[in-house]
Amino acid sequence: MYSCVFDGAKASIVKTIPDEMRFIRRPTMARRRIIAGNWKMNKTPSEAVALCAELKDLVKNDAVDVVYCVPAIDIVPVVEAVKGTNVHVGAENFYIEDKGAFTGEISAPMLKDAGVEYIIIGHSERRDIFGENDILINQKVKKAFASGLKPILCCGESLTLRKAGTYKEWIERQITWDLDGVTADQVKELVIAYEPIWAIGTGETATADQAEEVCALIRELIAKLYDQATADAVRIQYGGSMNAGNAAELLSKANIDGGLIGGASLKPDFGQIVNA
Ligand code: PGA
């Protein structure tokens with residue numbers, strides 16, 4: 001390889017390098033943007049099909065991965081409704097066993113068979129309301145990869161931790177636990193969603209700088225836990241009251257590769273976010 005050292009000893013080598021090649025930078029991996037809707041517990045199956053029709057033309061964008069993460073009962077009709085479009089389908093939850101006596105649960109093979117590609121894991125509502133801890137979340141991440149589903153792994157701090165100034169340690173701990181035993185090749189396919197709990201559904205968005213600070217921290221952590229190539233490949237979303245008005249600024253940040261969108265994913269605004 002060429003050298004970029006401009007000292008006397010290397011001067012003759014440098015001279016032979018064409019001008020445009022003198023400054024060799026570490027190539028920044030072009031990460032594909034991913035805009036995912038998290039429909040949460042909204043939309044009956046017929047309402048879900050109607051929403052797909054309403055959004056169909058608005059979310060067209062071949063440069064972006066567009067995902068609808070929908071309630072379990074909407075998966076089959078939504079997969080049907082988005083056939084032939086650029087939309088991918090995700091689920092909001094699953095359990096780590098393939099089948100058996102787990103009343104009320106749904107398995108990864110069921111999701112795969114229905115046409116699901118992405119799976120939200122570790123959302124703060126699942127952590128806080130349904131008591132999911134990092135041990136289960138870690139098992140879910142590994143199970144998702146083993147089953148061919150792409151995890152959207154959520155992390156984020158409460159308002160108390162934000163105010164206490166300990167949010168960085170909290171995020172690092174969540175990610176470190178949740179990725180225990182997950183390989184670098186898997187992490188390259190992973191999507192991480194940074195969702196400060198105080199910004200979810202509250203209308204209070206983190207500023208673009210606040211969001212970028214944590215997304216950059218997550219990427220640095222991945223570099224530490226794995227390597228730079230893995231950190232360059234992993235896609236990191238921001239989530240928390242992202243809307244048509246603030247998406248462009250958030251998405252302009254170097255370490256924000258997309259968004260996980262709740263409320264605004266149920267409206268035509270979602271198309272504006274996809275095309276922000
Ligand atoms: P919100 O939800 O966009 O309604 O704040 C985001 C999320 O919980 O994923």
Side-chain angles (χ1 to χ4, degrees), residues 33-43 47-48 51 55 58-59 64-72 74-75 78 87-94 116-132 137 140-141 144 150-159 161-162 167 170-171 174-175 178 190-208 210-212 214-215 218 235-251 253 256-276:
R33 187 176 284 186
I34 176 165
I35 303 291
N38 174 10
W39 290 12
K40 308 195 179 185
M41 198 173 74
N42 293 294
K43 302 295 172 188
E47 288 169 347
L51 181 60
L55 296 180
L58 304 175
V59 300
V64 176
D65 286 337
V66 179
V67 186
Y68 296 166
C69 298
V70 306
D74 295 343
I75 288 169
V78 166
V87 175
H88 303 262
V89 178
E92 299 177 14
N93 189 31
F94 78 118
V116 166
E117 291 174 65
Y118 290 87
I119 174 76
I120 297 177
I121 298 175
H123 192 280
S124 59
E125 287 150 19
R126 299 249 24 120
R127 292 177 189 258
D128 293 349
I129 304 171
F130 301 100
E132 292 195 11
I137 290 163
K140 285 187 170 192
V141 172
K150 294 176 194 150
I152 298 176
L153 171 64
C154 302
C155 61
E157 80 284 1
S158 65
L159 187 58
L161 291 176
R162 167 63 59 169
Y167 59 98
W170 175 260
I171 302 289
Q174 280 187 324
I175 298 288
D178 298 346
L190 179 70
V191 178
I192 297 176
Y194 168 56
E195 297 206 309
I197 298 170
W198 47 272
I200 294 177
T202 58
E204 186 179 344
T205 322
T207 64
Q210 284 174 322
E212 169 66 7
V214 178
C215 292
I218 292 170
R235 291 188 291 177
I236 304 176
Q237 298 174 312
Y238 167 77
S241 300
M242 194 189 263
N243 59 43
N246 59 29
E249 195 191 352
L250 286 158
L251 294 170
K253 293 293 180 184
I256 302 180
D257 307 314
L260 183 58
I261 294 105
S265 70
L266 303 168
K267 309 190 267 194
D269 297 41
F270 191 64
Q272 285 170 263
I273 300 173
V274 166
N275 292 293

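Order of appearance sets the numbers: ligands from 1, and atoms from 1 within every ligand. Heads up: numbering here begins at 1 and tracks the sequence. Because only heavy atoms are used, hydrogens play no part in the values below, and waters and symmetry mates are left out as well, while side chains stay in.
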Under a 4.0 angstrom heavy-atom cut-off, which atoms of ligand 1 come close to [X]?
X: G201; answer: 1 (P), 4 (O), 5 (O)
X: G240; answer: 5 (O)
X: H123; answer: 7 (C), 8 (O), 9 (O)
X: G263; answer: 1 (P), 3 (O), 4 (O)
X: S241; answer: 1 (P), 3 (O), 5 (O)

Return the [atom1] to [atom2] distance between [X] and [Y], rounded to the nearest 0.5 Å.
X: I197; Y: R162; atom1: CD1; atom2: CZ; value: 11.5 Å
X: R235; Y: I192; atom1: CZ; atom2: CD1; value: 12.0 Å
X: E157; Y: Y194; atom1: CD; atom2: OH; value: 3.5 Å
X: D269; Y: L55; atom1: CG; atom2: CG; value: 9.5 Å
X: L260; Y: Q237; atom1: CG; atom2: CD; value: 5.0 Å
X: D65; Y: H88; atom1: CG; atom2: NE2; value: 5.0 Å

* Asked: How does N38 reach ligand 1, if at all, at less than 4.0 Å between non-hydrogen atoms: by side chain, backbone, both, or neither?
  ->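 Side chain only; the backbone of N38 stays clear of ligand 1.
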* **Closest protein heavy atom (residue, atom, distance) for atom 7 (C) of ligand 1** =>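 It is E195 OE2, 3.2 Å.
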* To do: Around atom 3 (O) of ligand 1, find the nearest protein heavy atom and jot down its residue, atom name and distance.
  => G262 N, 2.9 Å
* For E92 and H123, does a side-chain donor sit closer than 3.5 Å to a side-chain acceptor? ->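 Short answer, no.
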* Asked: Under a heavy-atom criterion of less than 4.0 Å, does A199 contact ligand 1?
  ->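 The answer is yes, since A199 has a heavy atom less than 4.0 Å from ligand 1.
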